[in-house]
Undergrad: 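Sharing a structure with you now.
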Amino acid sequence: MIQLVWLVPVLPLAGFLINGLFRNSLSKGMTGIVGCGVLLASFILSLLIFGEVRHEGFQSVTVTLFDFISVDKLHIPFAFQVDQLSALFLLIITGVGFLIHLYSTAYMHEEEAPHYARYFSYLNLFVFSMLLLVLGANYVILFIGWEGVGLCSYLLIGYWFKNVDYTNAAKKAFIMNRIGDLGFLIAIFWMINQFGSVTFGEVFSAAQGAPVKVLTGITLLLFVGATGKSAQIPLYTWLPDAMAGPTPVSALIHAATMVTAGIYMIARSNILYSLAPLTQNVVAIIGLATALLAATIALKQNDIKKVLAYSTVSQLGYMFLGLGVGAYTGAVFHVMTHAFFKALLFLGAGSVIHAMGGEQDIRKMGGLRKHVGTTHWTFLVGCIAIAGIPPFSGFFSKDEILAGAFGKSPVYYAVGVFTALLTAFYMFRLYATTFLGNFRGTHEQEHHLHESPAAMTIPLVVLALLAAVAGFLGVPEAFAKDSHWLAHFLDPIFAHNATAEHAAEAGASQEWMLMGISVAVALIGVIAAWTRFSKKPDLAEPAGFGKVLANKWYVDELYDAIIVRPLYAISKFLNNFIERFIDWIVNGVGRLVQYGGRQLRLLQSGQVGGYVLLMVVGILVLFLVELFVKK
Amino acid sequence: MPINYYIFLSLALFCIGVAGVLTRRNAIIIFMCVELMLNAVNLLLVAFSKMHQHALAAGNPGAGIDGQIFVFFIMVVAAAEVSVGLAIIVMMYRNTHSTDVNFLNRLKH
Amino acid sequence: MIPVLLIAIPLVGGLAGFFIKNDKSARSWSLLVSLAALAVSLWGLSVGAKSPLLNADAEWLPALGSRFAVGLDGMGQILCLLTAIAFPVIFIATWRDEYSKSWNFYALMLLSQAGLLGVFLAMDALLFYFFWELALIPVYFLCSQWGGEKRIQATFKFFIYTFVGSLLMLVGIIWLYAHTPDHSFSLKSFYALRSSINGTDQVWLFWLFFIAFAIKMPIWPLHTWQPDTYEQSPTATTMVLSGVMVKMGVFGVIRWLAPVLPLGTWAWGDTASGFCIASMIYASLVAMQQDDLKRLIAYSSIAHIGLMALAIFATTTTGMQGVMIQMFNHGINIIGMWIVVDLIERQMGTRKISELGGLAQKAPALAILLVIVALANVALPLTNAFVGEFLLFSGVYSSKVTEYNVVFTVVAALSIILSAIYTLNMIQKVFFGNTNALTEKAKDIKLNEKVVLAAIVVLIVVIGVYPKPVLNLTKETVDMILTKMDYKKI
């Protein structure tokens, strides 16, 4: 079965080709069947593969398809690696991806058939790229998927290409990702130069003896790539703008694909990172700073999708904190739970927007609880999960990361807990403003309100169940011995780091205390938001510090002022001055020749006397030269 | 006779020729002045040739003879030149009724 | 045998073309001739590297010690294939372009092809120079007869620039010729020279040749002829110029400069690399400001070529292999870009980005094909250019002949970001957004254009996914060149 792993990405690729090439002739129904069908098939395959990987003592398998690049001593096979980590990600991507595809069939139903097919082909390509990313057995194949998801995000964010703002957002996503990719690429070159290989296993074993400086450099550059893809400081600003795409796309980007790529890559390279403590600290601090920054911004956003977008940035920050403090299992665990509840929240938000007829401003919603029942309670599940209230999934994964952070430094822990407070607060502000209180939209909208069709609610229910119970895959050891199934499962990947993690989990009483604190904090946030916003939502235009938050700390404006505009200014300067200057020199040489010709022409007077005179003068000069200079 | 006399004479002839070419406008006179210059050179060649012959007479009877051969060449070339040049001047006179060279700057235009 | 045929077919076909005084038959004739050349080129690929059919040698100018020596090695194979593919593609794609006295146009195009193939095949310096000029002169006429409004000015600049370069090269060739022990122009004698010429001479000879080739590529600051010429030439000629002819410069450095003058190349490699990098960054930045599609692509081409030249001076196997494959890829990709530009210009009557917009609504097939070609242009993985650029950058990074390899890589790699910026800007402004009065009437592309573009896209993807055959083709040439470039062994 594992030898057939190549089918997992190839199936979505086939879906992409079918929907892309025959977009004009396929009916919408066929498009949907192809688009979802290939993903379902991939998901089933992934399940079968996972079934094999699950067995005790499974060794990672590499499936080589063909030689991709083979030059000199550098061999880069097009190979897939199946182990616990990639199998887990396969499940998340194809599973959640399938649900999002299913949801899309209803959500996008108003599109014309060719565009509908185009949409599904992009979605399939997106999943294909992501699968390539997690399956790749070396950094180059990983990089192919890595850039591939960047491309797909570009295509999908700019899916409604008539709108200039949307295409701008798409462009921004691609270019910001490219900046990160540059770091990744240079890291690959460094690896090739240092280790002579890019295959994971070879790099990791060669890294054991490599100087720490080199490893720090490589890991930092890889991390630059991760900040682009996983939206961390300083390259996070594209993700909130990426809301321009259709809502299911946001779900796909935020939950199953794309942004988790950075986490996956670092988790995959955990051996390198563990050897470079400096990088680990940088990762943790950047993660923490991003988590906090994004959470503060989310407090004041009024677009339902923007709040969720910043919460994603914030949660990704948590994951990087986990990676940075060595709690790799915790980070991967959080990727998984986050995939469930964030997909759920986004799809729920899509359902709300669908019901509201395209409205996204939560100030114009309210009281939707009565109108969209299923959406409401599933959304509530998602909010509880992300807020970290037990026994929902977010609690377990977040707690594991926080415990790891406490083991490293109480400061990390404190900031993390504060961010958790903010998270609970803004999520329930969103929930309360949207679903509680009275309806604040127009009469027409109220009339329009309706629950979404089954194709949309079924994924919501499934995801809600997963978001509720997935946490039990990783129950802390404090509850019962060997209760952390996930840690056990991922042991072969992170085994060498086990000491660090176990040290962090030392002391059951301490762990109980940490858990107590985070639960209490989450509850405080939930209750504060609930009481404050359920009756009197915050409708006023933000002022003072709130305005700074509402404007996202003016980071976009800052980037515009210090990077974008100077770049264009330089470009304009080069085009208008330097380019003209070079041209002026070139033309100047030409003009000089012409000018010289005109002047010399005057000598050709046609007067024989003149010529003879010149001749004589010439002879005399020659004589003089002979006489005086030669000696 | 010392060689200096020949040199001064031919220099004088040459200078007269140059001055004539430079100052006169009549094509035929210019032509004659050119001939004068050529002959100044011829004179010099013959004189030097004779000088070398004297100097080397003992050992080498043929020494310096090439100078005199050059003179014949120059005379032949000059004759050819005169025939072509005079033909041109005749044609020019027929066309313009003048032998003034300053009248002949039309190639410029 | 095969090289002689490769040169003779377009040469004879072109000369005959002058006498077909009919638009339609001249077009068909030229397509036929170019297809025949393609067939011969494919035959050359199929006979195997050791076949005696791949070389030919005959008396040419015995008094000068110059022979008509032509041969196909790996690098020649790949460039001849590019040339042979490019011409039929160009003829088909511009099938609907109208030219006055088109038979002359097509005949000159074929002559230029003969010259190009000769350049890539010549194993004799004088022959090389001869074909070099033969390739350029038809272009001069093509541009000055059928070009845009400012064609005279542009062609004048083009001609002066390239001619200055050619003359510098000629001086170098003659100097080298005079120093060969057997007074011969053959490539072998030139290669044998590298150990007998001292460092000082190698340095100035290096600059003679490098300036000649740098003008052709072009490298900053010798590049200003290129945007003007590309802008003013008829698009079919621009395709030849940018798709194939700029490779003459890169090719020249690899075959006639680096292995002949390894000491000079080594001594001034860093400086030359600096110019290459300046070229990449500068051209990318200037491209961001262009409003004319042709100029934009011209500058993007300068940036890409700069990278190839940079990798040559890195003197690594990976880098050199990258140059080989990228020469081919760049040719294919940029011809694809030009085809799209030509289509837009023929329909809309303008190339101004600011006057276009919303074309994706009216011409979805064109939009999709352009996006793929443009993505290849920014070297997205699984397109051919990624393989090339990956190897190029990797080669520059692992260079052993310079201390600045890391700086070079990092600065040069900034062009990856810049290229994404200007390419996406262009796509956005031309294809996305709303239609205006002009683009409202646009129609989608016709079959012949679709076929050609689809063929290009297939090539892009196939080489992007499975580049091995192409890499294997040039392996031996690369090893040979690198051994010759090894200055330590002198």
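Letters A, B, ... are given to chains in the order of the sequence lines, protein chains preceding strands, and every chain is numbered from 1. What you see below is based on every heavy atom in this structure, not just the backbone, and it leaves out hydrogens, waters and symmetry mates.
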Undergrad: Considering only heavy atoms and a distance below 4.5 Å, find which of A:Ile186, A:Leu182, A:Ile76 pairs most often with chain C.
TA: A:Leu182

Undergrad: Within a strict 4.5 Å, meaning less than it, do heavy atoms of the A:Lys171 and C:Ile427 side chains meet?
TA: no

Undergrad: Is there a side-chain contact between C:Val478 and A:Asp72 in this structure, where contact means two heavy atoms from C-beta onward sitting under 4.5 Å apart?
TA: no

Undergrad: Just so I understand: if I count every heavy-atom pair under 4.5 Å between each of C:Val465, C:Thr316, C:Ile160 and chain A, which residue has the most?
TA: C:Val465

Undergrad: State, with a plain yes or no, whether a side-chain heavy atom of C:Pro381 is found less than 4.5 Å away from one of A:Trp146.
TA: no

Undergrad: Report which part of A:Val589 has an atom under 4.5 Å of a heavy atom belonging to chain C: side chain, backbone, both, or neither.
TA: neither

Undergrad: Below 4.5 Å, heavy-atom pairs only: which of C:Leu285, C:Val406, C:Asp228 has the largest tally toward chain A?
TA: C:Leu285

Undergrad: I need the minimum non-hydrogen distance between A:Ile582 and C:Pro221, along with the two atoms involved.
TA: CG2-O, 3.6 Å

Undergrad: Heavy-atom pairs under 4.5 Å with chain A: which of C:Tyr299, C:Phe156, C:Trp225, C:Phe431 has the most?
TA: C:Tyr299

Undergrad: Can you tell me which portion of C:Ser419 sits under 4.5 Å from chain A's heavy atoms? Options are side chain, backbone, both or neither.
TA: side chain

Undergrad: Identify which part of C:Val378 has an atom lying under 4.5 Å from any heavy atom of chain A, answering side chain, backbone, both or neither.
TA: both

Undergrad: Please determine whether the number of non-hydrogen atoms from other residues, nucleotides or ligands lying under 6.0 Å from atom OH of C:Tyr404 exceeds 12.
TA: no

Undergrad: Using a cut-off of under 4.5 Å for heavy-atom pairs, which of A:Asp181, A:Asn24, A:Ile179 has the most such pairs with chain C?
TA: A:Ile179

Undergrad: Do C:Tyr466 and A:Phe66 have ring centres separated by under 6.0 Å?
TA: yes

Undergrad: Out of A:Tyr568, A:Phe78, A:Trp160, A:Phe573, return the one with the most heavy atom pairs under 4.5 angstrom to chain C.
TA: A:Tyr568

Undergrad: Only pairs of heavy atoms separated by less than 4.5 Å count here; which of C:Leu471, C:Val371, C:Leu380 has the most with chain A?
TA: C:Leu380

Undergrad: In terms of side-chain heavy atoms, does C:Gln289 have a donor or acceptor partner in A:Asn576 at a distance below 3.5 Å?
TA: no

Undergrad: Does a side chain donor of either A:Asn575 or C:Gln290 reach within less than 3.5 Å of an acceptor in the other side chain?
TA: yes

Undergrad: Within a reach of under 6.0 Å around NZ of C:Lys157, are more than 12 heavy atoms found that belong to other residues, nucleotides or ligands?
TA: yes

Undergrad: Side chains of C:Pro467 and A:Ile69: does their closest heavy-atom pair fall under 4.5 Å?
TA: yes

Undergrad: Taking A:Thr167, A:Val164, A:Ile570 one by one, which has the highest count of heavy-atom pairs under 4.5 Å against chain C?
TA: A:Thr167

Undergrad: Is the shortest side-chain heavy-atom distance between C:Phe432 and A:Asn163 below 4.5 Å?
TA: no

Undergrad: Taking side chain as C-beta onward, heavy atoms only, is C:Lys475 less than 4.5 Å from A:Val71?
TA: no

Undergrad: Looking at chain A, which one of C:Gly357, C:Ala413, C:Gly358, C:Gly322 has the largest number of heavy-atom pairs inside 4.5 Å, strictly under?
TA: C:Ala413

Undergrad: Atom OG1 in C:Thr224, atom CZ in A:Phe581: separation rounded to 0.5 Å?
TA: 12.0 Å

Undergrad: Top residue by heavy-atom pair count (under 4.5 Å) with chain A, among C:Gly433, C:Ala360, C:Ser284?
TA: C:Gly433

